[in-house]
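Worth knowing before you read on, the calculation uses all heavy atoms, side chains too, and leaves out hydrogens, waters and symmetry mates. Naming convention: chains lettered A, B, ... in sequence-line order (proteins, then strands); numbering from 1 in each chain.
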Amino acid sequence: MQLSRDDLKRAYRSMFTIRTFEERVVKEFAQGNIPGFAHVYLGQEASGVGVCFDLSNEDYIGSTHRGHGHCIAKGCDVHGMMLEIMGKQGGLCGGKGGSMHIADMSKGMLGANAIVGGSPPIAVGAALTQKLKKTGKVAVAFSGDGASNQGTTFEALNMAVVLKVPAIFIFENNGYGEHTAASYAVGGPSIAERARSFGMPAEVVDGSDFFAVREAMGRALERGRADEGPYALEIVCSRFTGHFVGDPQAYRLPEEVARARANDPLPRFRAGVTEAALLDHADLDAIEQEVLAEVEDAVSAGMAANRPDLSTLEKDVYVRY
Amino acid sequence: MQLSRDDLKRAYRSMFTIRTFEERVVKEFAQGNIPGFAHVYLGQEASGVGVCFDLSNEDYIGSTHRGHGHCIAKGCDVHGMMLEIMGKQGGLCGGKGGSMHIADMSKGMLGANAIVGGSPPIAVGAALTQKLKKTGKVAVAFSGDGASNQGTTFEALNMAVVLKVPAIFIFENNGYGEHTAASYAVGGPSIAERARSFGMPAEVVDGSDFFAVREAMGRALERGRADEGPYALEIVCSRFTGHFVGDPQAYRLPEEVARARANDPLPRFRAGVTEAALLDHADLDAIEQEVLAEVEDAVSAGMAANRPDLSTLEKDVYVRY
Amino acid sequence: MSKKSYRQAINEALRQEMRRDPNVIVLGEDVAGGHGASGETGGVGGVFGLTGGLYKEFGPTRVLDTPISESAIIGAASGAAVTGMRPVAEIMFVDFVGVCFDQIYNQAAKFRYMFGGKAKTPMVIRTAIGAGFRGGAQHSQTLHPLFTMVPGLKVVMPANPYDAKGLLISAIRDDDPVIFMESKVLYDMEGEVPDEAYRIAFGEANIVREGKDITFVAFGAMVPRALAVANTLAADGISVEVIDPRTTSPLDEDTILESVAKTGRLVVVDESPPRCGLAADIASLVADKGFRSLKAPIGKVTCPHTPVPFAPNLEDEYMPNPRRIEEAARAVLAYS
Amino acid sequence: MSKKSYRQAINEALRQEMRRDPNVIVLGEDVAGGHGASGETGGVGGVFGLTGGLYKEFGPTRVLDTPISESAIIGAASGAAVTGMRPVAEIMFVDFVGVCFDQIYNQAAKFRYMFGGKAKTPMVIRTAIGAGFRGGAQHSQTLHPLFTMVPGLKVVMPANPYDAKGLLISAIRDDDPVIFMESKVLYDMEGEVPDEAYRIAFGEANIVREGKDITFVAFGAMVPRALAVANTLAADGISVEVIDPRTTSPLDEDTILESVAKTGRLVVVDESPPRCGLAADIASLVADKGFRSLKAPIGKVTCPHTPVPFAPNLEDEYMPNPRRIEEAARAVLAYS
Ligand SMILES: Cc1ncc(C[n+]2csc(CCOP(=O)(O)OP(=O)(O)O)c2C)c(N)n1
Ligand SMILES: Cc1ncc(C[n+]2csc(CCOP(=O)(O)OP(=O)(O)O)c2C)c(N)n1
Ligand SMILES: [Mg+2]
Ligand SMILES: [Mg+2]
């Protein structure tokens, strides 16, 4: 379980890429360069990265409307993502998907999903494949606290137990489903307790601590890889910004947001690894410089790219009328 | 809580009416007098009667595909039911509903429901009305163990907690959803535990004991009538026959069915009240005679009745094209 | 009378009906907003702002925030409706209907008939529809055929602020389940809207523009588009009659048939996939009952048989746009 | 070649495909049956017996009993499909689609397009459809328009045992999601069915009967009914061409248009409500692309705009029956 220096760098790079990417999405959105709407992952970086850190390209994840961070953590190409979000040719889905529908099968990324509760049933199926083909791989479903109220999610939990598939259900509890608090909308003691009531082990994890997330995920993975059945993690984390880019958030007091930001997973990671002398500040600064350049580059590429060709409108839909 | 002699007679009459009605449904079905298919409630009588015993016409219930027993327990007219099941004019729904869609709003019976998991969300709404109108009444949703796996059911549990409505969720765990055992299909320790994980009190109750059911229901009702929120009962009971009339049940060993029948709620009730000298056998025998005559009468009426008039085909659907 | 947006017209209808009848309640995700949060409660008023201010006026027993559980939302509405309330439920985007469709089509819509006329289910489902918002494949659909198909539902598609208010008031006072489909791209459209409450009857089409050479039938956000093309064609001396049926179920067949009896030519403009959609439905009506008047093939301008694409240029081409409408009209006019 | 029932033909297709390709699995409620029970496991084979014997031959890793959780069933199928399996999921009655529609239309059907062509979802959803079974309003529906409408789905409606086998094999080998709609009232229909595996291509109509005076287009269980009426009319010297499109999406437009070009008259016989259904869809196709050949209004014989009633006499009148088909045909023939 001990991480090498390279591992630690990879973790920080992944988290900092999400941070940078999302901050840039906020900015480009404000400038009108991103059509539609966007939900960013700022503040939840340690969760996605901790969960995906030990997954291979042959392990699958299904994601949510707030999926950029999961994509990056799973290894999707940042250029392809930015182009997709901007609705450009060369985007990961050819510009047809957009922010809420980024997918990359070659990375085991089954898709962001704009339907709350959409991914858990699909992840059960991806996990079923692993079980039947005896791959030792797993499938992960990301959901929010809000999605923990959707019927499809519960069905998936139970089905995973009954079929005993290596599905791992990640509930990122950031305290809000849109503009409504989980404390109001999620009945019962915890999401983890719900998962347990369906017959799977479940843990509550501190989502601003990369190491805690990764370790809990390690236990889930061990069980999944041994074909012992599903597992659930409720990862408690914070949304630094509004539900969507532009949300004024009058329902949240500034102090609450400030508290969340004070518990930022990135400085926490930095402090942890530098104080333990596992990495030094210069290592991390170097990573940051590289990432900043990469994202800058992706944005430039996105701005320069053309819109998809109109001839693609009716492609890839099986039947043409 | 102590029941009067009249109460006890009423309870037995209700259970025996269900028993007689259902045995007759089996027979009439076999003779081709009942179209389609039918799911009977044989063996579960104490559950429906125990649950509905202290409900008024202004308390609501939503039922299932196996709804005859609930209807009778809630006071629906046995003649109207038999006519409905036979698809005749004068049936409770004019012959348009059939076995799986008997409803009678005047008795607070919101309808049998042929969609597994259909009733719980509707019961939440009926309970919401009671809360908003401060009636002190409740709404009850009957579901099976199988229905406890349907997403709509979970949503209803959570919604009831969040809105704090006087909904009572009855899970009649008869061990089977169709031809699959609950031990296979229902993950986790119990259905009651699932309900608890959503934040409501829940009990497991012996469904062949009328008194146990009624008392547990009393606790649920007390909470509901005081507007303190929802409650759940997992009522463990047995299906004496197959899933539908005609099910050969090769998946069940005869011994298992025999064990179930040995725990018949009707003789158990009879033994209880006669041994305690609350009623004597003659009282109960008299009730049986009356009920047998009533059901006989309902069948004769059903056989004699006409089919609905063809002019009703397009009535009551709002829009005619 | 004053100028109001489509959004304001809807909000006003809700507010006035809630004042009039204490049984009218509103429920859905974030229709109030902020429950359980550290800041303001009730300040959201729906993600599109349609229920803005209602929580402040009517409080938590009339404006209910729900979990993200659409089946339970619809069930709560229909269960409340059959027991005496008049709920207005919000399904944020019509695209989400897939997680609660059973509660709509198998339950609420069937109660009255299936129970032999003994149940009454006065409820409204408000929902936002349509592309052009850059929402991608799961937030941009226009699913009115799905509801029109279902016996027992009434389906309303207001195309301007005036109709939005009058139709919503009718919907709330109706004793049957009504789907009220709001075009996202029309929320900011302005128009004259009376301050007092008024009703527009279901099944009565609006003849938006009279004409004699060709009939356009269009729904919701396609009405202003069809009208714009009609005005363009007028410059070429072509006189277009534009009909907005306002409700797809019940449907005002007579007004459509009378118009085609006069013009002999028909183009249906509808924002849904081409198969089994409203365009096909209207065309088949006229191909049967209006056959004798028809002088040309019936043109249909719909979306292609594809999900809604995200990229703006693809989405603009996906929607029935002025170019495609005009082309269809000219083809039908050229036929002899 | 031997006589087999529609049920047997489907069962044989499943069995042969499962033998051929280890990635083919079957999942659904009681497709094996008896799990966790005291008696026999795997002896049920689906409530209609379609998957009978498969559990015995292929065991628990190929024939999976599921909880009553249709959304999870469809999700499990699509998730398995995009990661390399070829699942055949059973939704017992098509009426239950309301509890899992999102997983069909927003998920499985959209993957390929929405992800820019990069996902492939080879799955089949088998489901039983249709009235005439005395199942009541929630067990008797015929919802093919609901699926036909959805871009990304293929929709199959076999009308006889031969087609059932060949179309199911094609469905299983197809790389896209396919809805395979089995007519309950045809399960016992017998016909010649080759013992070996064979495919019937999608989008190729079956000309069930050639004729020159009028065209009937019918789907699924309505095909034998339409054919029976055609034979009745033949006695009066009226020559009816009967077309069974076999798949509603893709649709063999050419065969329909060619037939109407020949006959000039069309009646569509379809067992679904009248609004936005397949009858409207086919009529609108012909009212556009086949207009020049049309000599009469296009007749539609559908169900009325009501839920399915339970009482047998009402249900029989509800379904398109021979009397109504014949009346519609005679009206169209009488037109001049
Ligand atoms: C079925 C469905 N209902 C509602 C929505 C609208 N919606 C989008 S995101 C969201 C909140 C989700 O909350 P949560 O699951 O906690 O995820 P978070 O946004 O916090 O990451 C809602 C209600 C949707 N997309 N799909
Ligand atoms: C949504 C849905 N899925 C499947 C069915 C088919 N079906 C009818 S009853 C039943 C079993 C229900 O089991 P349970 O809830 O335990 O009730 P019981 O029959 O034991 O009373 C099933 C699967 C249905 N009617 N609706
Ligand atoms: Mg959240
Ligand atoms: Mg059961």
If you count heavy-atom pairs within less than 4.5 Å of chain C, which of L110(B), I115(B), V165(B), V162(B) leads?
I115(B)

Is it the case that the side chain of K118(C) and the backbone of L92(B) share a donor-acceptor pair, with hydrogens and angles ignored and the cut-off at 3.5 Å?
yes

Please identify, among A167(B), G98(B), G125(B), G117(B), the residue contributing the most non-hydrogen atom pairs under 4.5 Å to chain C.
G125(B)

Taking a cut-off of under 4.5 angstrom between non-hydrogen atoms, the residues of residues 61-81 of chain B near chain C are none

Selection from C93(B), G91(B), A160(B) maximising heavy-atom pairs under 4.5 Å formed with chain C
C93(B)

Comparing G94(B), G118(B), A156(B) against chain C, the one with the most heavy-atom pairs below 4.5 Å turns out to be G118(B)

Using a cut-off of under 4.5 Å for heavy-atom pairs, which of D316(B), T312(B), L132(B) has the most such pairs with chain C?
D316(B)

Strictly less than 4.5 Å between heavy atoms, which residues of residues 35-46 of chain C line up against chain B? Please order them by number.
none

Distance, nearest 0.5 Å, that separates CG of L128(B) from CD1 of I25(C):
5.0 Å

Interface residues of residues 144-155 of chain B facing chain C - heavy atom cut-off under 4.5 Å:
T152(B), E155(B)

For M159(B) and I73(C), what are the C-alpha separation, side-chain angles and deciding distance, and is it a side-chain contact (heavy atoms from CB on, under 4.5 Å)?
CA-CA 8 Å; M159(B) 183 80 92; I73(C) 293 172; 3.7 Å; yes

Using heavy atoms and a sub-4.5 Å threshold, report which of residues 100-108 of chain B line up against chain C, by residue number.
H101(B), A103(B), M105(B)

Flag the pair L313(B) / Y113(C) as yes when at least one side-chain heavy-atom distance between them is below 4.5 Å, and no otherwise.
yes

So for K133(B), is it side chain, backbone, both, or neither that comes closer than 4.5 Å to the heavy atoms of chain C?
side chain

